[in-house]
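Bear in mind the structure is a predicted one, so any value in this text is a computation, not a measurement. First listed ligand is number 1; within each ligand, the first listed atom is number 1.
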Amino acid sequence: MAITSVPASEQEFAILMHGKSATERNAFISMLRKDGQAHRLVTDEYVQRWSEDNDEARKSRQDSYMSLVNNYYDLATDLYCEGWGESFHLCRFAPKESLVQALARHEHYLAHMIGIKEGHTVLDVGCGIGGPARAIATFTGCSIVGVNNNGYQIERATALTAKRNLSEKVSFVRNNFMDLSFPDNTFDAVYAIEATCHAPVLEGVYAQMFRVAKPGAVVGVYEWVMTDHYDEDNSEHRAIRHGIERGNGISNMVTRKEAEKAFLKAGFTMLHDEDLAERKDARPWYAPLSGNINYATGIWDFLGALRMTKAGRFVMESLLSSLEMVRLAPSGTAETAKELSVGADALVAGGKKALFTPMYLMVGRKPLQ
Ligand SMILES: CC(C)=CCC[C@@H](C)[C@H]1CC[C@H]2C3=C(CC[C@]12C)[C@@]1(C)CC[C@H](O)C[C@@H]1CC3
């Protein structure tokens with residue numbers, strides 16, 4: 001069947017594009033099993049959205065945030081899995097800690113900060129493919145429902161959770177986080193790990209988190225924001241912000257102050273807020289993306305770091321282009337990898353200059369009355 005335009009129903013299109021690749025064990029193979037034409041269309045649609053950088057283009061990206069984010073994760077999910085693992089977020093690093101350990105600790109820390117207990121029913125807003133939900137449910141003994149608007153990620157999350165025998169404790173529902181389908185006052189705790197930055201307006205998603213939390217429940221967010229050092233009138237700063245947005249499927253990334261204001265406006269009483277990137281750590285959060293092999297701990301992290309060097313990127317992009325040429329990889333795969341690499345450079349630049357943080361932590365309580 002020839003696909004010449006994106007069908008009206010996104011779900012229909014996702015089935016065409018991803019086929020049965022969500023249940024594929026290996027993420028690299030899953031990446032190769034997409035429909036080539038559909039993949040090309042989504043790549044073109046995503047790139048086209050970023051051709052201009054002015055207020056009007058930003059507004060248009062905000063208006064179409066849902067398809068922008070879905071396009072992004074339809075393209076990026078398998079590369080994320082293959083290059084990063086099952087937890088789609090960044091993290092702090094303790095001395096000698098591997099990436100996998102550090103990611104898990106970052107998740108456990110949030111669970112600790114919002115006081116998740118055994119028996120709690122918890123909501124994970126923007127759950128990716130469920131890595132954090134599985135880790136937190138296992139760590140605390142709680143039950144977690146993960147929501148996400150990307151059908152492919154929900155399928156992958158559900159399949160991985162079944163494979164780990166965790167389906168009784170952890171489940172997933174396709175949901176728009178700007179309009180959650182749960183009744184008011186449902187959850188004992190709610191969290192979002194580096195996901196709400198995809199919202200067109202932060203107040204909207206925070207208001208939904210507030211609504212579904214039980215009175216007295218504690219809610220925690222790791223937010224992506226531009227820090228207080230960011231200057232909108234500085235063209236270099238603006239370029240870094242734009243690079244982060246484009247490489248990471250974000251229609252409008254806000255400042256720390258705006259995020260704090262939105263959280264309070266939603267109704268939460270702030271219990272703790274802190275940019276965790278300001279702590280003095282052994283390695284900065286952007287270490288694995290920087291291509292500096294001296295930061296690596298252990299063989300897997302060394303290979304990951306090698307991949308982010310100039311030579312490593314060249315090899316990866318050449319491999320993907322060759323696979324595309326012989327039609328083993330869908331058209332647009334190498335272009336997507338390039339978009340992610342350029343986005344990673346913007347993250348590193350933003351991190352080095354302390355203009356950006358992926359770990360502005362806000363912990364708030366929904367008042368009893
Ligand atoms: C987009 C948001 C809000 C969160 C995702 C955070 C991270 C999981 C990603 C940010 C940059 C990503 C890159 C990769 C994996 C996932 C991230 C770290 C790659 C390492 C995947 C493999 C590619 O070849 C290079 C990518 C660079 C960026």
Side-chain angles (χ1 to χ4, degrees), residues 27-28 30-31 46 65 68-93 99-100 102-104 106-107 125-132 148-150 153 177 192-199 202 205 221-226 241 243-254 259 277 284-291 295-296 300-301 303-321 323 329 333-351 356-360:
F28 194 80
S30 170
M31 197 162 73
Y46 187 76
Y65 78 95
L68 181 149
V69 181
N70 267 324
N71 279 172
Y72 178 77
Y73 282 117
D74 279 338
L75 297 172
T77 298
D78 293 323
L79 275 164
Y80 271 30
C81 284
E82 181 260 320
W84 199 253
E86 294 178 11
S87 288
F88 292 175
H89 59 85
L90 298 156
C91 57
R92 298 175 55 203
F93 290 95
L99 175 63
V100 173
L103 288 167
H106 203 58
E107 294 157 359
V125 176
C127 60
I129 58 164
N148 184 328
N149 200 35
N150 185 277
Q153 290 201 338
F177 58 23
I193 301 183
E194 300 182 25
T196 40
C197 57
H198 291 301
L202 269 187
V205 61
V221 185
Y222 284 138
E223 197 55 85
W224 276 33
V225 289
M226 301 314 292
R241 177 189 181 212
I244 295 175
E245 290 175 331
R246 175 176 179 155
N248 295 280
I250 298 168
S251 63
N252 181 49
M253 192 159 52
V254 302
W285 60 263
Y286 52 83
L289 299 175
S290 67
Y295 279 138
W300 289 115
D301 289 1
L303 291 175
L306 209 55
R307 181 188 182 142
M308 292 309 292
T309 59
K310 273 208 173 79
R313 291 174 196 216
F314 177 76
V315 169
M316 189 64 187
E317 277 157 32
S318 308
L319 170 71
L320 294 175
S321 300
L323 288 172
T333 309
E335 208 174 331
T336 302
K338 177 92 189 146
E339 286 284 334
L340 294 189
S341 286
V342 175
D345 290 341
L347 286 170
V348 174
F356 164 78
T357 178
M359 46 188 75
Y360 175 47

Mind checking salt bridge (charged side-chain N to carboxylate O under 4.0 Å, His left out) for [X] and listing every partner two or more places apart, or none if nothing turns up?
| X | answer |
| --- | --- |
| D78 | K34, R156 |
| E335 | R40 |
| E317 | none |

>> Donor-acceptor check, side chain of T357 to backbone of M359, threshold 3.5 angstrom: yes or no?
In response: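 Side chain of T357 to backbone of M359: a pair is present.
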> How long is the gap from CG on L202 to CD on E223, to the nearest 0.5 Å?
Replying inline: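 Interatomic distance, L202 CG to E223 CD, rounded to 0.5 Å: 5.0 Å.
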>> So, taking the atom named OH in Y72 and the one named CD in E245, what distance separates them when rounded to the nearest 0.5 Å?
In response: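 Going from the OH atom of Y72 to the CD atom of E245 covers 12.5 Å.
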Check ligand 1 for close polar pairs with the protein: N or O on both sides, less than 3.5 Å.
| residue | atom | partner | partner atom | Å |
| --- | --- | --- | --- | --- |
| ligand 1 | 24 (O) | R307 | NE | 3.3 |
| ligand 1 | 24 (O) | R307 | NH2 | 3.0 |

